[in-house]
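Only one structure is covered here, and it is reproduced in the block below.
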Amino acid sequence: MQGEKFTLMQYNVNAILGFIEAGQFVIPEIQRPFVWKRAQVRDLIDSLYNGYPTGYIITWKNPDVKTKDGTVANGKHVLIDGQQRITALMASIAGLEVLDEDFNRDRVKIAFNPLATDSDKRFAVQDASHLKDKKWIPDISEVFKNDFDPFEFVPKYCNNNLGVKPNEVNNAIMKLRGIANRQIGVIELDHSLDIDEVTEIFIRINSKGTALSQSDFVMSKMAADTVHGGNILRKVVDYFCHLAVKPDFYPQMIKDLEFEKTEFASKIKWLAKDNEDIYNPDYNDMLRVAFMYSFNRAKLSDLVSLLSGRDFETREFKEEIVEDSYNKLCEGIKVFINEHNFEQFVLAIKGAGFKSSKQLNSQMTLDFAYMLYLKLSKDSSIPHDQVKHHVQKWFVLSTLTGRYVGSPESVMSRDIRLINEKGFINFFYEIEASVLSDTFWDISLPQNLETTSTNSPAFNTFLAAQINLNCNSLFMHGTMISDLINISGDVHHIFPKAYLKNNGIDTKGRYNQVANFTYLDTQVNKAISDDAPNIYFQSALEQCDKKNIAFGNIFERDALMKNLSENAIPESIVSMTVENYDDFLADRRKLMAQLMMRYYKGL
């Protein structure tokens, strides 16, 4: 029927496995880890054996593409939901190996007991006991092989299990083999649907499933493409992201001989020695950066359309657009995975004071910053030694203002367009003047610090400012904030929590304000305990005057005042009690904002 968004079909298990073998159905996640537990595979086989419904699978047809000679190439069906079930069937029935989380190839073997009277005991995940016990068929995939002969099998089974009736065994075997003829519902989505519609259908059918992202669709398109090397690019993305988190995965990766023969294997080898965790991109980050860099666009749904060959003007699907899009994407991925590019970008972020992954709030902000680094690195109008400086400023500006938090793709698209039109320097100065005004530093930023979230962009940028400015931790000379944030420092309440609670300030929203936090050496924190600020800061002053050690290692008043300043703590703290708590928070927020302004302007 014309205009239908989907076709509802019923295929038996055998037919679906046949479609996959013939390449008509593509399982994009076949390269990705099989995450089902083995017990779930056993339960699926049991459901099919008993004729229970096992849910629909959803495929999305790639469009038919017009080739250069005028002929039409039929699009394949990409599996977008149900890949774990289908992979489970391929493993248990077809006897194929699947990949686990570390890309190790493994078999999932399900054992079958034809004599079981208790349905819960009929199937089991194979272990050593099933290999010894003659009642069990250790691996049901043997029963589904083309050369399996029930007339030969049943007498042999009965000889091994005396007193068993051949008829009962035969019936059980026939019922097991009948799984191959069980019907599975397949919802075939039409190629004309856009991503938003496909996502909406997916959510309505699969309310418990993980929502599909646009990058999932891109990965599906890549996996289905063997003509333009999309399937290899898909592996590059998978392996790079896996290695970035687990460098010790490298020996496993090189077992993939097909991948080892490609130009990409040597290009990501450097990750085997990389233990940096500031930027561990996943496939969404990698695709987004490569796309923005190569296509000057930010909406990943456009990449799905381009990899399908869509001409946005004529609405036709053309082979030359597919080819061009894969070439561009390949170029973007090569630039992304380049060791020099990646390491220099990480150095820029760390140089801006973001030395710990826990300081980073927004992957989108990092992604745009990396794309900007790549873009400026090839911009002849930008001196090479200024690239990091510009990237650092932009990263801090976009972090502090939450630039890519609301509708990131729209803002990114506009930013890329304006950078291309005006040149980065002009664009940057315009944005900086409009969003980082005096009002921002004096009013908006102190207001943003009125939070209990130590993961807020404002507080994390404050820590970055302290790291970048080489600030000492409170009461210490030589023990820096940068030393404590990654190692053993404590986040200390300047007005101790117990002191505030004992004096009536007992809600987290009050005593856990970030303006009440500072990083402290653990031993100093213990020495301060729960004393009021006017007590322990007076002790610090006395230590300077009388040279008797109370805590820390500062023995000069000027050094102590400088230490308060680099921790954005008002000097009046030395005489403060609980009555001054709200004034203290307001004053400190302003000092924190001023320190961040000094840091930003000095980048």
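The figures here come from the full heavy-atom set of this structure, side chains too, leaving out hydrogens, waters and symmetry mates.
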What heavy-atom pair brings Tyr326 and Gly230 nearest, and what distance separates the two atoms? CE2-CA, 3.5 Å
Please evaluate residues Phe395 and Phe368 with respect to the criterion ring pair (Phe, Tyr, Trp, His ring centres under 6.0 Å), reporting the C-alpha separation (whole Å), side-chain torsions for both, the decisive distance (0.1 Å), and the verdict. CA-CA 8 Å; Phe395 179 70; Phe368 194 90; over 10 Å; no
Pair Asp133 + Lys135: basic N to acidic O under 4.0 Å: yes
Heavy atoms from other residues, nucleotides or ligands near NZ of Lys269 exceed 12 (cutoff 6.0 Å): no
Can you tell if the side chain of Ile137 reaches within under 4.5 Å of the side chain of Ile173, non-hydrogen atoms only? yes
Check the pair Lys5, Asp190 against salt bridge (charged side-chain N to carboxylate O under 4.0 Å, His left out), reporting the backbone distance first and the verdict last. CA-CA 5 Å; Lys5 295 183 177 181; Asp190 191 76; over 6 Å; no
Test salt bridge (charged side-chain N to carboxylate O under 4.0 Å, His left out) on Asp118 and Arg122 and set out the steps. CA-CA 7 Å; Asp118 185 342; Arg122 189 173 289 123; over 6 Å; no
Quick one: pull up CG in Asp302 and OG in Ser413 and give me the separation to the nearest 0.5 Å. 7.5 Å
Crowding at CD, Gln10 (>12 non-hydrogen neighbours, <6.0 Å): yes
Distance-only polar pair, side chains of Asp139 and Ser141, donor-acceptor under 3.5 Å: yes
Student check: side-chain heavy atoms of Arg297 and Met292 closer than 4.5 Å: no
Among Asp43, Val13, Leu89, Leu48, which one satisfies side-chain contact (heavy atoms from CB on, under 4.5 Å) with Thr54? Leu48
Closest contact, heavy atoms only, Tyr250 versus Leu243: N-CD2, 3.5 Å
With a cut-off of 6.0 Å (strictly less than), are more than 12 heavy atoms of other residues, nucleotides or ligands near CZ of Phe148? yes
Verify salt bridge (charged side-chain N to carboxylate O under 4.0 Å, His left out) between Asp147 and Lys145, making sure each step is shown before the conclusion. CA-CA 5 Å; Asp147 60 357; Lys145 288 182 175 175; over 6 Å; no
Heavy-atom closest contact (Gly309 atom, Val322 atom, distance): CA-CG2, 3.3 Å
Side chain to side chain contact (heavy atoms under 4.5 Å, CB included) between Lys121 and Asn113, intermediate numbers included: CA-CA 8 Å; Lys121 305 282 173 62; Asn113 181 356; 5.8 Å; no
Check whether the ring centres of Tyr293 and Phe336 lie less than 6.0 Å apart, and answer yes or no. no
Looking only at heavy atoms, what is the nearest atom pair of Ser325 and Phe295, with distance? O-CZ, 3.4 Å
Distance, nearest 0.5 Å, that separates OG of Ser407 from CE of Met364: 10.0 Å
Taking it one step at a time, do Glu331 and Asn327 satisfy side chain to side chain contact (heavy atoms under 4.5 Å, CB included)? CA-CA 6 Å; Glu331 186 55 37; Asn327 287 338; over 6 Å; no
Using side chain to side chain contact (heavy atoms under 4.5 Å, CB included), reason through Ile187 and Ile57 one step at a time and then give a plain yes or no. CA-CA 6 Å; Ile187 297 169; Ile57 65 173; over 6 Å; no
Counting heavy atoms not belonging to Phe312, are there more than 12 under 6.0 Å from its CZ? yes
Can Ile184 and Tyr56 be said to form a side chain to side chain contact (heavy atoms under 4.5 Å, CB included), step by step? CA-CA 7 Å; Ile184 293 180; Tyr56 288 99; over 6 Å; no
Using a 6.0 Å cut-off, check whether atom CD of Glu343 has over 12 heavy atoms from anything other than its own residue. yes
Smallest heavy-atom separation, Gln214 atom then Val304 atom, equals O-CG2, 4.0 Å
Check against ring pair (Phe, Tyr, Trp, His ring centres under 6.0 Å), Tyr49 and Phe112: CA-CA 11 Å; Tyr49 182 85; Phe112 175 63; 5.7 Å; yes
Pair Phe259 + Phe264: ring centers closer than 6.0 Å: no
Distance, nearest 0.5 Å, that separates NZ of Lys267 from CG of Asn338: 8.0 Å
Parallel, tilted or perpendicular: rings of Trp60 and Phe217 (30°, 60°): perpendicular
Residue pair Lys221 / Ser308, side-chain heavy-atom distance below 4.5 Å: yes
Determine whether the side chains of Asp415 and Tyr404 contain a donor N or O and an acceptor N or O closer than 3.5 Å. yes
Hey, are the side chains of Asn170 and Phe153 touching, using non-hydrogen atoms and a 4.5 Å cut-off? no
Enclosure of Lys61 NZ (heavy-atom neighbours >12, cutoff 6.0 Å): yes
Do we see a donor-acceptor contact under 3.5 Å between the side chains of Asn512 and Thr452? no
Assess the residue pair Ser456 and Ser453 against the criterion (side-chain hydrogen bond (donor to acceptor under 3.5 Å, both in side chains)); give the C-alpha distance rounded to whole Å, side-chain angles, the decisive distance to 0.1 Å, and a yes or no. CA-CA 5 Å; Ser456 71; Ser453 172; 5.0 Å; no
What's the verdict on side-chain hydrogen bond (donor to acceptor under 3.5 Å, both in side chains) for His242 and Gln252, showing C-alpha distance, side-chain angles and the deciding distance? CA-CA 11 Å; His242 203 70; Gln252 189 60 39; over 6 Å; no
Minimum side-chain heavy-atom gap Met90-Ile20 below 4.5 Å: yes
Please state whether the rings of Tyr239 and Phe249 are parallel, tilted or perpendicular, taking 30° and 60° as the class boundaries. tilted
Evaluate the side-chain proximity of Lys235 to Glu258: yes if any heavy-atom separation is below 4.5 Å, no if none is. yes
Sub-4.5 Å side-chain heavy-atom contact between Met286 and Ile333: yes
Can a side-chain donor-acceptor contact be found between His130 and Asp127 if the only test is distance below 3.5 angstrom? yes
Gln359 vs Ile278 side-chain heavy atoms within contact, under 4.5 Å: no
CZ (Phe6) with more than 12 external heavy atoms under 6.0 Å: no
Do Phe342 and Tyr370 have ring centres separated by under 6.0 Å? yes
Of the non-hydrogen atoms in Thr59 and His77, which two are nearest, and what is the gap between them? OG1-ND1, 3.5 Å
Please evaluate residues Asn296 and Lys375 with respect to the criterion side-chain hydrogen bond (donor to acceptor under 3.5 Å, both in side chains), reporting the C-alpha separation (whole Å), side-chain torsions for both, the decisive distance (0.1 Å), and the verdict. CA-CA 10 Å; Asn296 287 313; Lys375 209 171 184 58; 2.6 Å; yes
Would Asp277 and Ser357 count as a side-chain hydrogen bond (donor to acceptor under 3.5 Å, both in side chains) here? Give the steps. CA-CA 6 Å; Asp277 74 339; Ser357 56; 3.3 Å; yes
If only side-chain N and O atoms count, and only distance matters, is there a donor-acceptor pair under 3.5 Å linking Gln363 with Asp285? yes
